[in-house]
Amino acid sequence: MEKTALKIRVLGDPVLRKRSVLVKQIMPWHKEFFSRMAQMMYEGQGIGLAAPQAGVNEAMIVVDIGNGLYKLVNPKIVWSSGYQVNQEGCLSVPGVCINVKRAQKIRLKAMDEEGKPVDMEAQGLLACVFQHEIDHLKGRLIVDYASFLERLKIKKVFKKLKGNTCNINL
Ligand SMILES: [Zn+2]
């Protein structure tokens, strides 16, 4: 992997809008790529990052809300309940915060970087972050949750601002 390919991609880059493919077999480069993704997430002071944000359309996400790093392959939500609304930011949409309604509690299945099955439940912030990252794998961004007025505002703000102004950056 070239280092130049690992800049965080921002709104307007087509890689963010493509649906990511499932990882059939975990190769050594996937593990290396997980480390790079985690590095990018920490450097950007984010708490989650999906592979398309690093320019790769494969179903891989990293999440760390402060109590350990998750590296997941092919994450899939199999059950959800309740709802929560948080003001979310995205490392790929710098300077923009949007209220997003998501499930309060989820159960997800995935694989870890060794290919072992993961079956876990998450709630609150952790559940929010997983849902945000899984959206990325479907080509979905927080701006898609914005109202018409918010979208107009985003167009203006996005030209001027750089960096994160939100509490939750993913
Ligand atoms: Zn994001």
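Along the sequence shown, residues carry numbers from 1. Ligands are counted one by one from 1 in listed order, and the atoms in each one are counted from 1 as well.
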**Prompt:** Would a distance-only check, ignoring hydrogens and angles, find a side-chain to backbone donor-acceptor pair under 3.5 Å from N74 to V23?
**Reply:** yes
**Asked** Between Q104 (side chain) and Q84 (backbone), is there a donor-acceptor pair under 3.5 Å?
**Response** no
**Message:** Please identify which of these residues, E88, R140, E150, meets the side chain to side chain contact (heavy atoms under 4.5 Å, CB included) condition with Y145.
**Reply:** R140
**Prompt:** So, for V10 and P94, which heavy atoms are closest and what is the spacing to 0.1 Å?
**Reply:** CG1-CD, 4.0 Å
**Request:** Pull up every protein N/O/S atom sitting under 2.8 Å from the Zn ion (ligand 1), skipping waters.
**Result:** C90 SG, H132 NE2, H136 NE2, L170 O
**Request:** May I have all residue pairs that pass ring-ring contact (aromatic ring centres under 6.0 Å, His included) and include part of residues 68-103, sequence neighbours excluded?
**Result:** Y70-F130
**Message:** Using only atom types and a distance under 3.5 Å, with no angle test, would you say the side chain of Q131 pairs donor to acceptor with the backbone of A103?
**Reply:** yes
